[in-house]
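Chain A is the first sequence line, chain B the second, and so forth, proteins listed ahead of strands; every chain is numbered from 1.
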Amino acid sequence: MPELPEVETVVRDLRPLVVGRRITAVRVGAKNLRRPWQAEWSELILGKRIDAIRRRGKWIVVELSVIRETKSSDERPRARLRLAANPRLILHLGMTGQLTVHQPTEPLKDHTHLIFELGRGHELRFRDVRRFGSADVFVNEAEANAYLAERLGPEPMELEAKSFQAAVLATIRPLKAVLLDQSVVAGVGNIYADEALHRSGLHPERRGNTLQPKEIDRLREAIVAVIEHAIEHRGSTIRDYIGGSGLKGEFQNEFRVYGRTGEACPVCETAIEVVRVAGRSSHYCGKCQPVSRETKSSGGVHRSTSSRD
DNA sequence: CCGACGTCCTGCTAGC
DNA sequence: TGCTAGCAGGACGTCG
């Protein structure tokens with residue numbers, strides 16, 4: 001499942017292959033992604049040049065602009081064209097999304113839902129078996145940024161200690177739910193949440209408001225460390241994930257807890273356990289990541305007075 | 001307002 | 001061997 005490191009890898013792989021190219025045609029599959037592709041979106045991006053491709057959280061932003069027409073003498077600037085001069089294509093890979101560049105002669109794999117023809121024998125294909133992914137087009141940078149800003153918190157690398165501390169202490173939710181909340185920190189999913197919690201010695205069921213400031217900062221540092229480490233390994237391939245060049249990730253070999261139920265904790269050799277938290281399977285080491293007594297017994301709500309004095 | 005939970009979707013696999 | 005129930009989970013809608 002593509003999380004921040006996987007999406008970053010896709011974007012880095014794709015960058016040299018798509019930047020500078022023009023979208024010469026858009027082909028849309030029969031089945032919808034999370035939201036149906038709108039016909040006017042094709043009009044908005046057709047003929048536009050890809051200036052850049054970047055990542056924000058788990059989202060991919062393709063920046064497009066009008067190519068300057070050098071030879072046309074009868075150039076009539078149209079208002080509508082000006083509004084859509086710099087549209088943005090925003091993609092989310094969901095669970096099983098793959099974004100790769102192919103030659104048009106390569107056979108289409110099943111579940112290919114969008115094809116962006118790039119001319120000169122290349123096309124960008126969006127394939128997604130489970131269709132949890134999405135594609136949206138916005139008329140300009142401001143609209144695209146607004147869309148992302150209203151659902152995403154800071155990138156892990158830009159997460160400030162103070163504000164993260166405030167966010168964690170302000171909630172009774174289990175840490176696992178906090179880390180999966182994209183408005184708290186953008187880009188963390190089930191794998192890296194579990195890995196970061198193990199690295200910081202915190203139980204996934206610990207409730208935010210029971211943490212010490214020191215623990216919160218340890219968690220923040222663990223998130224950054226595990227994300228950066230994973231990017232260096234091109235992310236994790238569990239089953240479907242591939243980078244923009246079709247290469248798999250290697251970080252699955254570095255997992256300390258995720259998907260390792262029953263195996264030995266790499267730190268203390270205790271068997272890794274799995275529990276369902278926030279509707280997700282959560283892997284942890286019972287010894288390295290103990291639940292504090294007060295948290296486990298009854299949700300940790302009645303403890304609020306003791307932190308006062 | 002906040003938190004918990006159900007829904008979408010397909011392919012794989014554990015279990016009979 | 002063949003069948004099926006259950007599981008995987010990111011984002012978002014709904015409910016209490």
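- A:R260 and A:H283 get closest at one heavy-atom pair: N-CD2, 4.2 Å.
- Distance alone, capped at 3.5 Å, places no donor-acceptor pair between the A:E123 side chain and the A:G121 backbone.
- Remark: P of C:dA11 and CG of A:D181 are 10 Å apart, rounded to the nearest angstrom.
- For A:Y147, taking side-chain heavy atoms from C-beta onward, the closest of the listed nucleotides C:dA8, C:dA11, C:dC12 is C:dC12.
- Note: CE (A:M95) to C1' (C:dA11) measures 12 Å, nearest angstrom.
- A donor-acceptor contact shorter than 3.5 Å links the side chain of A:E3 to the backbone of A:I191.
- One interatomic measurement links the two molecules: CG of A:L93 to P of C:dA11, which rounds to 10 Å at whole-angstrom precision.
- When the C1' atom of C:dG13 is taken as reference, atom CZ of A:R34 falls 10 Å away, rounded to whole Å.
- A:D128 has its CG atom 11 Å from the C1' atom of C:dG10, to the nearest Å.
- Taking only side-chain nitrogens and oxygens, A:Q182 comes nearer than 4.0 Å to OP1 or OP2 of C:dA11.
- Within the structure, every side-chain polar atom (N or O) of A:R151 is placed at least 4.0 Å from both OP1 and OP2 of C:dG13.
- Comparing B:dG3, C:dA8, B:dT7 against the side chain of A:R173 picks out B:dG3 as the nearest.
- If you check every strand for non-hydrogen atoms under 4.0 Å, A:S134 touches nothing.
- Using bins of under 30°, 30° to 60° and over 60° for the plane-to-plane angle, the ring pair A:Y147/A:W59 lands in the perpendicular bin.
- The side chain of A:T96 contributes no N or O atom lying less than 4.0 Å from OP1 or OP2 of B:dC9.
- No donor-acceptor pair closer than 3.5 Å links the side chain of A:E63 to the backbone N or O of A:N86.
- Distances shown here put every side-chain N or O of A:Y241 at or beyond 4.0 Å from the OP1 or OP2 atom of C:dA8.
- The distance between atom NZ of A:K176 and atom C1' of B:dC5, rounded to the nearest whole Å, is 16 Å.
- Distance A:I238 CD1 to C:dG10 P: 11 Å, rounded to the nearest Å.
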Just the atom pairs and distances: protein N or O near nucleotides 10-13 of chain B's N or O, under 3.5 Å.
from: B:dT10; atom 1: OP1; to: A:K31; atom 2: NZ; distance (Å): 3.1
from: B:dT10; atom 1: OP1; to: A:R131; atom 2: NH2; distance (Å): 2.5
from: B:dT10; atom 1: O2; to: A:R130; atom 2: NE; distance (Å): 3.4
from: B:dG11; atom 1: OP1; to: A:H111; atom 2: NE2; distance (Å): 2.9

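- Under the Watson-Crick or G-U wobble criterion, with both distances below 3.5 Å, C:dT1 has no partner in any strand shown.
- Judged purely by distance below 3.5 Å, without hydrogens or angles, the side chains of A:R35 and A:S134 pair a donor atom with an acceptor atom.
- Distance CG (A:N209) to C1' (B:dG3): 13 Å, rounded to an integer number of Å.
- Judged purely by atom type and a 3.5 angstrom limit, A:R199 has no side-chain atom pairing as donor or acceptor with the backbone of A:I223.
- Projected onto DNA chain B by closest heavy-atom contact, A:P174 and A:R280 fall at different nucleotides, the more 5' of which corresponds to A:P174.
- Both thresholds, 5.5 Å between centres and 30° between ring planes, are not jointly met by A:F132 relative to the base of C:dA11, so the two rings are not stacked.
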- Task: Any chance you could lay out the side-chain contact (heavy atoms from CB on, under 4.5 Å) test for A:E215 and A:R206, step after step, and finish with the verdict?
- Result: CA-CA 11 Å; A:E215 294 178 310; A:R206 270 288 289 282; 2.9 Å; yes
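- Look at A:R207 and you'll find a side-chain N or O under 4.0 angstrom from OP1 or OP2 of B:dA4.
- Heavy atoms of A:Y258 sit under 4.0 angstrom from primed sugar atoms or phosphate atoms, though from no base atom.
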